[in-house]
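This report refers to the structure that appears directly beneath it.
Indexing begins at 1, ligand by ligand and atom by atom, following the structure's order.
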Amino acid sequence: MKITSFEEYHQIYKHSLDQPEEFWAGVADTFQWRKKWDKVLDWNFTEPKVRWFDGAKLNITENCLDRHLDAIGDKPAIIWEPNDPTEDHRVLTYKQLHVKVCEFANVLKNNGAQKGDRICIYMPMVPELAIALLACARIGAIHSVVFGGFSAQSIADRIQDASCNIVITADGGFRGAKDIPLKNVIDDALVQCPSVKKVIVLTRTHTPVSMIKGRDVWWEDEIKKVETQGNTACEAEEMDAEDMLFILYTSGSTGKPKGVVHTCGGYMVYAGYTFDTTFQYQPEEIFFCTADIGWITGHSYIVYGPLSQGATSLMFEGIPTWPDAGRFWDVVDKHKVNILYTAPTAIRSLMSFGEEPLKGKDLSSLTKLGSVGEPINEEAWHWFDEKIGHGNCPIADTWWQTENGGHMITPIVGVTPLKPGYASFPLPGIQPVLVDEKGEEIHGNGVSGNLCIKYPWPGILRTTYGDHERCRQTYFATYPNMYFTGDGCLRDEDGYYRITGRVDDVLNVSGHRIGTAEVENAINMHATVVESAVVGYPHDIKGQGVYAFVVSPDKHENEDLTRKDIIMTVSRIIGPIAKPDKIQFVSGLPKTRSGKIMRRILRKIAEGDTSNLGDTSTLLDPGVVEEIKGGAL
Ligand code: PRX
């Protein structure tokens, strides 16, 4: 939606409050439907039940590919920049991407995939990853992408939870100087996954892999088969708007990640609408989202959002600091990127290298910037603004979540007057509210509270896979008739929203969501650990670091060895992304008489703020606090 002024934003916003269904029907009209909906919205937040565009028929890939072929078929859909700057980049036009998606959709069918099947994708950031997602969507299979930084155990848990029958992977993946042996990890995972009948393996790193007869097939061989069969066209499956499009697992305050479910119609409308609106995308612009497709940001802003709008999406395989800390700027310079959408953690990391890596890099193509994943501190905001945007690129600090499908509260670039550190205002159609502990709505400005949303939007999660009650409990039970985000938030005197961080036991480490309970479960699996408590602490680059207090009476006399073993255990159970940054051995944890760990105290100690630990009189053994304070790292 193109919006030309802040006044116009207010008008549109008001209309979206007054006539929400009319508003969303207008947005949905800009997409291609095989059949339009019978009812725009049917909802209640008590079950919860949310159905958007009921009765409508579509296929999201017709919106992302087919509908663009006549007008912009030769426009680059995906520009891919490899990890190694000496390797050639690749460009896939809309026509080429369409062909590749259809071919791979037929590969999936040849390997037994059917509408409604769950397919796990564990791949490096290569165009075939986007092709795999779209091919699943083409035939109505439900993809469940698992980020490459998760372990075999985490993959197995996710495959089992969704009973996936097919896995799409690669021999390995390049990330900076490392080769990640993806297929080996999958092999380890599949020992526990009898539901998986086929594994399709793309060649990327030429790492030797074991290929099991009858189960494992090479991507390239399968493509050749469909080509020799002349079976390269693939009619898109007709989907109901409320059919599942994908599952994406995310962490919460319990030990087990949950499969957030998004549906074909609502998610498509929301990803496309938010991409177009927030960034005010213009037809010639090159959009570079630096996220991994393993996260929701990559789903919505590398694949579905940009492609549904006929944009050019730049996909980067590598990391910002390899071969050196100028890599992002090389990519921007080389491909003349116009819109750069990245994460505060990446900005802070690059900032720490000073200005040297920026020398000789032409960033003048940039006109718009975006940030996502965690609160952006003012120092990082100003550096991004001045050094990267040269003071003339608006920054969209986009607040949203896996469960939201797309941006919720964000400046609209060129429209919303900016305030550093503020996600600013809700997009038209989004109704945020702040509530106090009792669940009362807090009105007016200059107030803080827990952030809830009181009316559905098309991208809201529909359920958590296989466990609807968990969805209700997690998001809709804390406050009646509201979706609870888990975030704390300030609304300042001017009505600007500023997200202050999670109010539950969820950490945000380098923009990745990690449940403390999950990390504790993993630590507790180590042979010498009796008990543990994990909290976050402020980390210069990562935003939050993982601080573990561990009770391990039989640890090795060389404590560091046990520390390393515990880190290895977490790596095995969850994945390298959840590794604790600090492990403090303690003789006991501060608990109330009812046995509840007082995390508030641990959080303060981890933050290095022990001046006022508050009331400790309810503790079973107040003495333990002194010991923990004394040993803080
Ligand atoms: O705490 C908020 C933080 O990230 C959480 C959502 O994490 P995830 O589902 O992994 O999605 C990340 C990418 C959308 C939120 O509950 N968060 C995300 N964006 C921002 C943010 N916090 C502050 N400002 C943001 N712009």
Which word best sums up how the rings of His143 and Phe246 line up, parallel for under 30°, tilted for 30 to 60°, or perpendicular for over 60°?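 Parallel.
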Determine the interplanar angle of the Tyr270 and Trp457 rings, folded into 0 to 90°, and report it as parallel if under 30°, tilted if 30 to 60°, perpendicular if over 60°.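 Tilted: the ring planes of Tyr270 and Trp457 meet at 30° to 60°.
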Heavy-atom distances under 4.0 Å decide this one: backbone, side chain, both or neither, for Thr398 against ligand 1?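 The answer is the backbone.
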Given side-chain contact (heavy atoms from CB on, under 4.5 Å), test Lys419 with Asp492 step by step and report yes or no. CA-CA 11 Å; Lys419 271 195 197 187; Asp492 79 358; 2.5 Å; yes
Close side-chain approach of Pro428 and Tyr273, heavy atoms under 4.5 Å: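 They are in side-chain contact.
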Go through ligand 1 atom by atom and flag the ones less than 4.0 Å from a non-hydrogen atom of Ile499.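 Result: 22 (N), 23 (C).
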Should one rank Leu507, Leu451, Thr402 by closest heavy-atom distance to atom 9 (O) of ligand 1, which comes out on top?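 Residue with the shortest heavy-atom distance to the ligand atom: Thr402.
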Students should be able to answer this: which protein heavy-atom is nearest to [atom], and at what distance?
| atom | result |
| --- | --- |
| atom 1 (O) of ligand 1 | Asp487 OD1, 2.6 Å |
| atom 12 (C) of ligand 1 | Gly373 CA, 4.2 Å |
| atom 20 (C) of ligand 1 | Glu374 N, 3.5 Å |
| atom 7 (O) of ligand 1 | Arg513 CD, 3.3 Å |

Cation-pi check, Arg158 onto Phe150 ring (under 6.0 Å, within 45° of axis):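 Ring-cation test returns yes.
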Does the N or O separation between Ser371 and ligand 1 drop below 3.5 Å for any pair?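 No; every N/O pair is 3.5 Å or more apart.
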Shortest non-hydrogen contact from Ser151 to Ser571?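 Closest pair (atom of Ser151, atom of Ser571, distance): CB-O, 3.3 Å.
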